[in-house]
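Written out below as structure tokens is the structure these notes cover.
Quantities reported herein were computed from a predicted structural model and do not represent experimental measurements.
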Amino acid sequence: MRKVSNILLSLTIVLSIFMALPTTLKAATDTTPPVLESLAWSKNNIILPYFLEIKGKIKDDSSLLSYKLYLTQGENEDEFVFQGNSYWKDDSFTSNMPLKRYGTPTTISLQAIELVDKANNVALYCSETSKSKYQAMPTYANLTLQTLPDIGKLTLINPQKYDKMLSSKDTDYIQKLSLINEGSTVVIDIADNTLIKKELFETIKGKNIQLIFEDVSNAVHNTNGIQWVMNGKDINEPSKDVDMKTSIKLENLKRTEPVLAGIAIPTQATLLERNEFMLEQLKVQTFNSWYYQYLLGFDKTKDDFFKLYDNEVHKNDYLDIKFEDNGTLPGKVKVRIRLDYALRFIILNDNVYAYYKNGDVNDLVKDHIKMQEDGSYEFIITHNSNYILTTEKLHKDIPETKPEAKPETKPEVKPEVKPNDTGDKKTNTGDNTGNHEITPNTADTSYNIIFAFMSVFSLGVLLFVVNRVHKTNK
């Protein structure tokens, strides 16, 4: 019996290799470098913290694998390089490089961009004035360099004003704070030490000194873009040690489990086929059971289920904010969060609600929160617990409700959707739906023929071996 299992395992591995053959052959036979069709900054003016984001459109046979950006900044044109893998969708890619809050206001220019596809074909686009410089590099010596489109300069704006920055990891930072003049703003970097001793609060109590506590270097995951702002005049409770570790994540009111898989979207299919494909996926995703029932209430021959799903998911998204169990704080704290930087998530509704999660009850802390000029949302707290930010006003307790559903009709047509192997890597772009589009590649059928032949051949071999083993065991 073990012999049979080993044979079946070996044949399964062989079959898996054959199934990957079309993509492998496609990459192996691709000798054309990627072609850059368009390129642009996502924004020409950026308020820190944010991302250096470039969006491009690429034409290539085997899809983009990686990119390298050659950049300069400031009047002295100091050079730096950013390299990464591509987020690839619809022949487009997005490059993201984090830009921290306390960076120097400056301008950034793109000098060149290197594109590498899955077949390791390399293309370099650079400005006309810098072609001789890059041609002299051994990496690009044998390439025909292409002209980079002029996308202008990126301007970085830093609205954060402060007089001094101290680090909580330094043993004498509280002593240094005691020498600060009233009316000053001091940033306390808590990247390496989130535990703030009670002596700090006693030092500034009653003084007009504003403290901004922040993980300046983004050392801890899920703390990006979060600030605790406190003034010494607001300290009116007994001093105590406070752990300022804070984490945030995006959750959904209609999901009781984490998202385990995304939703694939076939692009070359009828509306009915797309909707039925959508239902087939949601039906087996227990974390999406509410949305499955929700969509059954619509007409799959007329309504776009993907748009309905997207809209409803974003409507029910909320930000879950977890503080350490510090209880009552020494004084009131203004919590400031840059969602577009922290989670690449943008609240489309201008009115945001903050709630304190008191067990199963949600107590309203502040309503109609407006986004600040720097893109932050802020609210006041006096004790640490769990808080949430939503775009919808909630009941004090949220009963589990399910929409009235119509019975699902059996699909008459099942779409055949074959995803491109483009090596996509989903990044957190703020899309909590997990959607990504699948475009069948029908341009070259020769690989499909090879794939079909190898699959049938492998299946035949598998049946032959099983049959021989069966006869031997008789």
Side-chain angles (χ1 to χ4, degrees), residues 33-60 64-88 92-118 120-160 165 187 189 191 215-219 224-225 338 340-341 344 374 425 427 429:
V35 176
L36 180 64
E37 294 188 331
S38 65
L39 195 68
W41 302 110
S42 63
K43 297 179 180 179
N44 290 98
N45 297 290
I46 287 179
I47 298 177
L48 298 174
Y50 200 65
F51 291 82
L52 185 152
E53 186 176 76
I54 293 180
K55 293 180 179 292
K57 195 168 183 63
I58 306 295
K59 181 180 180 182
D60 190 68
L64 191 68
L65 179 64
S66 66
Y67 60 85
K68 183 185 291 185
L69 306 177
Y70 292 92
L71 303 144
T72 59
Q73 65 178 357
E75 294 181 359
N76 296 329
E77 296 190 343
D78 300 321
E79 297 184 354
F80 65 103
V81 176
F82 179 68
Q83 184 171 359
N85 295 323
S86 169
Y87 165 51
W88 174 272
S92 302
F93 79 97
T94 302
S95 163
N96 291 309
M97 185 181 82
L99 299 169
K100 297 175 183 177
R101 187 189 302 272
Y102 299 95
T104 304
T106 186
T107 57
I108 293 178
S109 300
L110 178 67
Q111 301 298 314
I113 179 170
E114 175 196 278
L115 304 171
V116 183
D117 65 15
K118 278 193 169 184
N120 288 322
N121 297 307
V122 180
L124 184 84
Y125 287 77
C126 59
S127 61
E128 287 288 346
T129 56
S130 63
K131 279 189 176 181
S132 58
K133 169 187 171 182
Y134 291 102
Q135 198 79 71
M137 295 181 181
T139 307
Y140 309 122
N142 298 322
L143 292 183
T144 301
L145 303 187
Q146 306 299 321
T147 302
L148 181 73
D150 183 8
I151 62 173
K153 291 186 176 183
L154 177 69
T155 301
L156 305 186
I157 303 168
N158 186 355
Q160 182 68 72
M165 182 180 292
V187 174
D189 182 5
D215 178 356
V216 172
S217 60
N218 299 337
N224 302 351
R338 270 288 297 268
D340 55 354
Y341 178 71
R344 304 310 313 276
D374 70 343
K425 292 186 179 180
T427 60
T429 59

Notebook entry, point to check: Closest approach of Gln111 and Thr72, non-hydrogen atoms and distance?
Noted result: NE2-OG1, 3.2 Å

Checklist line | Pairs touching residues 145-158 that satisfy side chain to side chain donor-acceptor pair (under 3.5 Å), sequence neighbours left out | finding: Glu128-Thr147, Lys131-Thr147

Item checked: Note, Leu110 side chain near Tyr125 side chain (heavy atom, < 4.5 Å) -> no

Margin query: Main chain of Pro49, side chain of Arg338: is a donor-acceptor contact present, judged purely on distance under 3.5 Å?
Written below: yes

Note to self: Strictly distance-based, threshold 3.5 Å: is any side-chain N or O of Gln135 a donor or acceptor partner for the main-chain N or O of Leu143?
What the structure shows: yes

Notebook entry, point to check: Looking at residues at least two apart in the chain, or sitting in another chain, which of them share a side chain to side chain contact (heavy atoms under 4.5 Å, CB included) with Asp78?
Noted result: Gln73, Asn76

Next item on the list: To the nearest 0.5 Å, tell me how far Asn45 CG sits from Ile157 CD1.
Entry: 5.0 Å

Margin query: Within the 4.5 Å heavy-atom criterion, are Ile58 and Leu36 side-chain neighbours or not?
Written below: yes

Check: Looking at Gly56 and Leu39, what are the two nearest heavy atoms and their distance?
Finding: CA-CD1, 3.9 Å

Margin query: Can a side-chain donor-acceptor contact be found between Glu114 and Tyr140 if the only test is distance below 3.5 angstrom?
Written below: yes

Margin query: I want to check something: taking the side chain as every heavy atom from C-beta on, are Val81 and Lys68 in contact at a cut-off of under 4.5 Å?
Written below: yes

Margin query: Once rounded to the nearest 0.5 Å, what's the spacing between atom CG of Leu154 and atom OH of Tyr50?
Written below: 11.0 Å

Next item on the list: Describe, in one word, how the ring planes of Tyr67 and Phe82 are oriented to each other, choosing from parallel (under 30°), tilted (30 to 60°) and perpendicular (over 60°).
Entry: tilted

Notebook entry, point to check: Which atom names give the shortest non-hydrogen contact between Asp374 and Pro159, and what distance separates them?
Noted result: CB-CG, 4.0 Å

Note to self: I need the Asp117 CG to Lys59 NZ distance, nearest 0.5 Å.
What the structure shows: 14.0 Å

Notebook entry, point to check: Are the side chains of Met97 and Phe80 in touch, meaning some heavy atoms are under 4.5 Å apart?
Noted result: yes

Check: Do Thr139 and Leu124 come within less than 4.5 Å of each other through their side chains, counting heavy atoms only?
Finding: no

Checklist line | Heavy-atom closest contact (Tyr134 atom, Ala112 atom, distance) | finding: CZ-CB, 3.7 Å

Next item on the list: Ignoring hydrogens and angles, tell me if any N or O in the side chain of Thr106 forms a donor-acceptor pair with the backbone of Gly74 under 3.5 Å.
Entry: yes

Next item on the list: Would you sort out whether Ile46 and Trp41 count as a side-chain contact (heavy atoms from CB on, under 4.5 Å), showing the intermediate values?
Entry: CA-CA 10 Å; Ile46 287 179; Trp41 302 110; over 6 Å; no

Checklist line | Distance in Å, Met137 CE paired with Ser132 OG, rounded so as to fall on 0.5 Å steps | finding: 10.5 Å

Check: Can you name the nearest heavy-atom pair linking Asn121 to Pro33, along with the distance?
Finding: CB-CA, 3.7 Å

Item checked: Leu52/Ile54 under side-chain contact (heavy atoms from CB on, under 4.5 Å): CA gap, chis, key distance, verdict -> CA-CA 7 Å; Leu52 185 152; Ile54 293 180; 4.2 Å; yes

